[in-house]
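Working notes for the structure below.
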Amino acid sequence: MLRLRYSLPLSVLSFSLLPLTAAISTAAQAQDTNNQLEPVTVTTTRGNSEAGETPQKITVINRDEIEQQMAITNDQAQVLSNLIPSYSPSRQKLTNAGETFRGRNPLFLIDGIPQSNPLRDGSRDGYTIDLAMVERIEVIHGASAEHGLGATGGIINFVTRRPEGTDLRQHIGVGVSAPTDYESDGLSYETDYRLEGIHGDWDFLLGGAYKSRGLFYDADGRAVGIDQAQGDTMDSQSYDVFMKVGYWLDDTQNLELSVNRFELEGNHDYVGIEGDRANGVPATSVKGDPAGDPVRNEALTTSLSYRNTDLAGNDVRLQLYTQRFRARYGGDTFGTFQDPTIAPAGTLFDQSQNESDKYGAKFTLTRDGLLDGNLKATTGLDLLQDETSQILAQTGREWVPETEFQNAAPFLQLNYQATDRLSLHGGVRHEYAKLDVDTYTTLASYGSQTVQGGSPRFEETLFNAGVVFQATDWAQLFANYSEGFGMPDVGRVLRAVDEPGQDVDDYVNLEPIVTDNREIGARLSQGAVDFEVSYYESDSDFGSRLALRNGVFEVQREKTEIHGVEADLGWRFREGHRLSASYAHVSGKFDSNDNGVVDTRLDGRNIGPDRLTVRWQANWSPKLTTQVQGNHYFSRGIPSDPKLGFDSYQLFDAFAGYRLGKGQVTVGVENLFNEQYITYFSQAASALDSRFFAGRGRVVSLGYNLDF
């Protein structure tokens, strides 16, 4: 008997209820020989929505796009930023603090499993998997409760690779990169390997990746400053080990086990030298022996999933998962760390470590073909337990007490095809949440306040509604309302209590963040031209903003309002050649004096710059592929802080791939014209001389990949 296998990424098991939908970047959709777009199923939407048929914008980044970007840069945040214009410019560091999506935080997922840690947002969730293990990246733009806590700006889901074909297959890739102003300590190396196959009722994939990153240099040949506090990717090593095993019970039932182990650790070979912001001199790095232990990210993600595509006519999915995350930061003699009972003021060195353990389950049931084939219903239940704390590693002090978050969320989502041209989408999700915090004492710098523990409970009912209207064969209109559910950075709130007599049960700053997202847009596709535009508004009556205090950022709870525009234009001007342009504008304000009216513009830590991206992709022959891309970041003033501001810059990159008789050779050039610039975050979000970082100068990468 011939059995047709369908792939089962774990995120398929994530169903959702809320904002469903979205528009998909047409550049990411597969095309047949007649340039007709093939349907793309978006597994991040819990009902497996079809791209281009939903009321909320979605972008799907396919494997070819990922590989071309990886051939240019080994900075995963830069890959996202290059392909998602409304995602902030990369800081080119291990931290993604200040890298926002539509002006708010995204929720990172691996196959639907949350990687973000909103209870103590250490901004390290962008590095929990190597992109060599990723098949595609699905992006939901705007606030979404589809996967629960944390997606106030949107969802970025890394869908892992899966076994393909019927034979045993292997892949090996190697690469090297270096700054053109060559220094031996600037060399970076990488390799990855995969073994996959299908045998009888079993399928499997085993993979591994290793990267050794050298020191970064700016366009003037100066070593880039190392971020000793938040952590850096330069002068580091990382590895990723990935396993996926599936077993077919019969033609409709499948079990799948997936495990991913990722670690990145600094080599601890350099110390930072402060820059001089007033005179435009960027920070740099020199050989040295830093105090403390190396910065590190560790993440272990496991999942066991079951799917039955025909259980009494229903599609049933169940996923059980765990995620263990440890993030160690660099240290210093920050004012916050000082304690006169331990050491004289200003002399106490320490460094923090975030620890988070998640356990969860996702159950979904989908029924299609109701009401004469016009209604599709998806319902289910999400369960999550998250245990998070933050310690000071050198002295053993507790900076953030262990916090346990328990969450249960039933949901229902309906998609109704009202007419041939009109589809209606709507749903509801109810969040039950509880925090458990024992009585604790804050650090001496906060006055050693004793805070009474408690178990505050929260409930929120979240709605979404959308409409898609196919006005003509080539024009589609869409509109959407969705709500996102998040908690403030609970750890920052708890650790910063500096007033006596506080009680966790009554502390108002722990109230959830509910974000309202409204969006309207159009998709046009006529011949060789496609165009998509959307306008959105994102409001929170009791939002969360980060402000610098005593050397570290703390939470401010304030009303915030954000709005923006995203536009994508593509033109296939000849066979195999495509020109595209994307524009993203975002602006936001917050209520600075608590009078209920937003009055002050958000700074660069909370919102990204406007951006124009252009790209020319060309398939010259079956063997030769090239790409040239450019990003222009527009200037931005920061009225709330005269020390901050952003001067525009533009960066260009190039890629070429050539298929040999065996394997493929790739060449990538990052910052093609060797532009000297200060990164967006360093200009617009931090006035510290120690974080006045230049961006990378020109880097050339050479790679070779072989499938056999």
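The first residue of the sequence shown is numbered 1, and numbering continues consecutively from there. This is a predicted model, so every value here is computed, not measured.
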Looking at OG1 of T366 and CG of N415, how far apart are the two atoms once the value is rounded to the nearest 0.5 Å? 9.5 Å
Taking D386 for the side chain and K358 for the main chain, is one N or O donor matched with an acceptor at less than 3.5 Å? no
About how many Å separate CD1 of I391 and OG of S352, when rounded to the nearest 0.5 Å? 9.0 Å
Checking N464, L462, T378 against F411 for side chain to side chain contact (heavy atoms under 4.5 Å, CB included), the one that qualifies is T378
Any side-chain heavy-atom pair from S389 and V400 closer than 4.5 angstrom? no
Tell me whether R457 at atom CZ has more than 12 heavy atoms from other residues, nucleotides or ligands lying less than 6.0 Å away. no
Say whether E459 and H430, considering side chains only, have a donor N or O and an acceptor N or O under 3.5 Å apart. yes
So how far is it from E402 CD to Q390 CD, rounded to the nearest 0.5 Å? 13.5 Å
State the CD1-OG1 distance between I129 and T160, to the nearest 0.5 angstrom. 6.0 Å
Supply the atom-to-atom distance E558 CD to D591 CG, rounded to the nearest 0.5 angstrom. 7.0 Å
Are the aromatic rings of F101 and H141 close, with centres under 6.0 Å apart? yes
Cationic tip of R317 above Y306 ring, under 6.0 Å, 45° of axis: no
Parallel, tilted or perpendicular, judged at 30° and 60°: which one describes the rings of F108 and Y87? perpendicular
Using a 4.5 Å cut-off on heavy atoms from C-beta on, say whether the side chain of L602 contacts that of F590. yes
If the test is side-chain hydrogen bond (donor to acceptor under 3.5 Å, both in side chains), which one of D125, N96, T128, D121 qualifies with S116? D125
Please tell me whether N308 and D315 have a donor and an acceptor in their side chains that are separated by less than 3.5 angstrom. no
Evaluate the side-chain hydrogen bond (donor to acceptor under 3.5 Å, both in side chains) criterion for residues Q115 and Q323: first the C-alpha distance (whole Å), next the side-chain angles of each, then the deciding distance (0.1 Å), finally the verdict. CA-CA 7 Å; Q115 304 297 303; Q323 197 248 10; 3.1 Å; yes
Short side-chain donor-acceptor distance under 3.5 Å, S356 and T388: yes
Rounded at 0.5 Å granularity, tell me how far CD1 in I562 sits from OG in S538. 5.0 Å
Got E263 and L300 here, is their nearest side-chain heavy-atom distance under 4.5 Å? no
Tell me whether D438 at atom CG has more than 12 heavy atoms from other residues, nucleotides or ligands lying less than 6.0 Å away. no
Using side chain to side chain contact (heavy atoms under 4.5 Å, CB included) as the criterion, point out the one residue from T309, T252, L311, D310 that pairs with V316. L311
Flag this pair as yes if the NZ/CZ of R124 is under 6.0 angstrom from the six-membered ring centre of Y329 and inside a 45 degree cone about the axis; otherwise no. yes
Name the one of R421, E53, Q476 that satisfies side-chain hydrogen bond (donor to acceptor under 3.5 Å, both in side chains) with Q470? Q476
Do V467 and F478 come within less than 4.5 Å of each other through their side chains, counting heavy atoms only? no
Exactly one of T439, D503, T442, L494 clears side chain to side chain contact (heavy atoms under 4.5 Å, CB included) with V451, and that residue is T442
Any chance the side chains of Q319 and S303 put a donor and an acceptor closer than 3.5 Å? yes
